A.B. asks: 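Here it is, the structure, as structure tokens.
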Amino acid sequence: LHSRSTPLKGVGEVRLGTLIVFNDVTRMRRLESMRRDFAANASHEMRTPLTCIKGAVETILLEKEKISDSHERFYTIIEKNVDRMSHLIEDLLELSRIEQQQGSLSLTPSQVDGVLETSLLLLAGSAEAREVAIEVTGDKGVLATFDSMLLERAVVNLLDNAIKYSPARSTVTVSVAKVKERVEIRVSDQGCGIPAEHIPRLFERFYRVDGARSRKLGGTGLGLAIVKHVMQLLGGEVRVESTPEKGSTFTLVVPT
Ligand code: ADP
């Protein structure tokens, strides 16, 4: 039950009483939980048939001499799209896992450097392929309280976007700073930027500024929704500042 109260005032600020409004949110919570279960179950059920299709196509493509060139082209298209769908399903499952994780976290004070190192290692290949340099600056040995798998996921998603939406021969900067009682991890790029009108919806599932571009770059539209949920779980937050044509900065604020 959610409640809200407002003082009722008459002429000359005389207090007449208090208006209390109660909202029954049971139905909303039940619907939200049904939506979560549905997303998790549907994603899980789709995994097996997709694995079968992928296996069959891979087997056909192993014996290319038995098929014509045009068939090979079609099978390659099928394979690419099966991979894309598997990626999407993994992200949906990850989002469900994060949503259901409440309470079972291993929050321990650790150095942020370790998380950055692992994340950078994971993305070194794609940065190199897109000719994007990654620079790490800021404080070293900074301690924060987090679950390393989860924070790593948030950093990887932000870095992955920064690399994806950057032009070749530009630089992505990752910096760490202790600000008051919190630690800020900033990921800045010199990429296409995000027009202001899109910012309020950016962290919604499947929201994209440019759908065609995101799909071409292999995006699932779930990356930032995952970042937002991870940061909520960690008791922190994610912020964004962006200037179209100049670049974007995403900041993860982590409790100490
Ligand atoms: P996607 O898989 O499409 O990248 P995300 O949830 O990670 O999905 O991001 C949502 C949308 O936000 C993207 O489609 C893109 O339009 C925009 N976006 C995210 N990060 C950046 C960035 N660093 N620079 C420019 N646009 C970005």
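In each ligand, atom 1 is the first atom listed, and ligand 1 is the first ligand listed. Not measured: the values here are computed from a predicted model.
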A.B. asks: Numbering the atoms of ligand 1 from 1, which are under 4.0 Å from a heavy atom of G223?
C.D. replies: 5 (P), 6 (O), 7 (O)
A.B. asks: Determine whether a donor-acceptor pair (N or O, by modelled atom type, separation under 3.5 Å) exists between the side chain of T145 and the backbone of T256.
C.D. replies: yes
A.B. asks: Who's closest to atom 20 (N) of ligand 1 heavy-atom-wise, of N161, N157, L88?
C.D. replies: N161
A.B. asks: Between F203 and F250, how do the two ring planes meet: parallel, tilted or perpendicular, split at 30° and 60°?
C.D. replies: perpendicular
A.B. asks: Determine whether a donor-acceptor pair (N or O, by modelled atom type, separation under 3.5 Å) exists between the side chain of S43 and the backbone of N41.
C.D. replies: no
A.B. asks: Main chain of I89, side chain of R47: is a donor-acceptor contact present, judged purely on distance under 3.5 Å?
C.D. replies: no
A.B. asks: Using atom types as modelled and distance alone, determine if a side-chain donor or acceptor of N81 lies under 3.5 Å from a backbone N or O of I77.
C.D. replies: yes
A.B. asks: For atom 18 (N) of ligand 1, what is the closest protein heavy atom, and at what distance to 0.1 Å?
C.D. replies: Y165 CE1, 3.9 Å
A.B. asks: Look at the side-chain heavy atoms of Ile, Leu, Val, Met, Phe, Trp and Tyr, link any pair under 4.5 Å apart, and say whether V112 and V136 land in one connected group.
C.D. replies: yes
A.B. asks: Considering only heavy atoms, does K164 approach ligand 1 within less than 4.0 Å through its side chain, its backbone, both, or neither?
C.D. replies: side chain
A.B. asks: I need the contact type for L224 against ligand 1. Using non-hydrogen atoms and a strict under-4.0 Å cut-off, is it side chain, backbone, both or neither?
C.D. replies: both
A.B. asks: If you count the atoms of ligand 1 from 1 in the order shown, which ones are under 4.0 Å from a heavy atom of Y207?
C.D. replies: 10 (C), 11 (C)
A.B. asks: How far is atom 23 (N) of ligand 1 from the closest protein heavy atom, and which atom is that?
C.D. replies: D189 OD2, 2.9 Å
A.B. asks: Is it true that D91 and T220 share a donor-acceptor pair across their side chains at a distance under 3.5 Å?
C.D. replies: yes
A.B. asks: I'd like to check which ligand 1 atoms, numbered from 1 as shown, lie under 4.0 Å from a non-hydrogen atom of S248.
C.D. replies: 24 (N)
A.B. asks: Quick one: hydrophobic cluster around M28, which other residues, with the 4.5 Å side-chain cut-off, linked directly or via members?
C.D. replies: V25
A.B. asks: List ligand 1 atoms under 4.0 Å from T220, heavy atoms only on the residue side.
C.D. replies: 2 (O)
A.B. asks: Show me which atoms of ligand 1 lie under 4.0 Å from any heavy atom of C192.
C.D. replies: 25 (C)
A.B. asks: I need the atoms of ligand 1 closer than 4.0 Å to a non-hydrogen atom of G221, numbered in the order shown.
C.D. replies: 1 (P), 2 (O), 3 (O), 6 (O), 8 (O)
A.B. asks: What is the nearest protein non-hydrogen atom to atom 12 (O) of ligand 1, stated with its residue, atom name and distance?
C.D. replies: L202 CD1, 3.4 Å
A.B. asks: In the protein, what heavy atom is nearest to atom 26 (N) of ligand 1, and what distance, to one decimal place, separates them?
C.D. replies: I194 CG1, 3.4 Å
A.B. asks: For the side chain to side chain contact (heavy atoms under 4.5 Å, CB included) test, which of T76, L62, I78 pairs with V57?
C.D. replies: I78
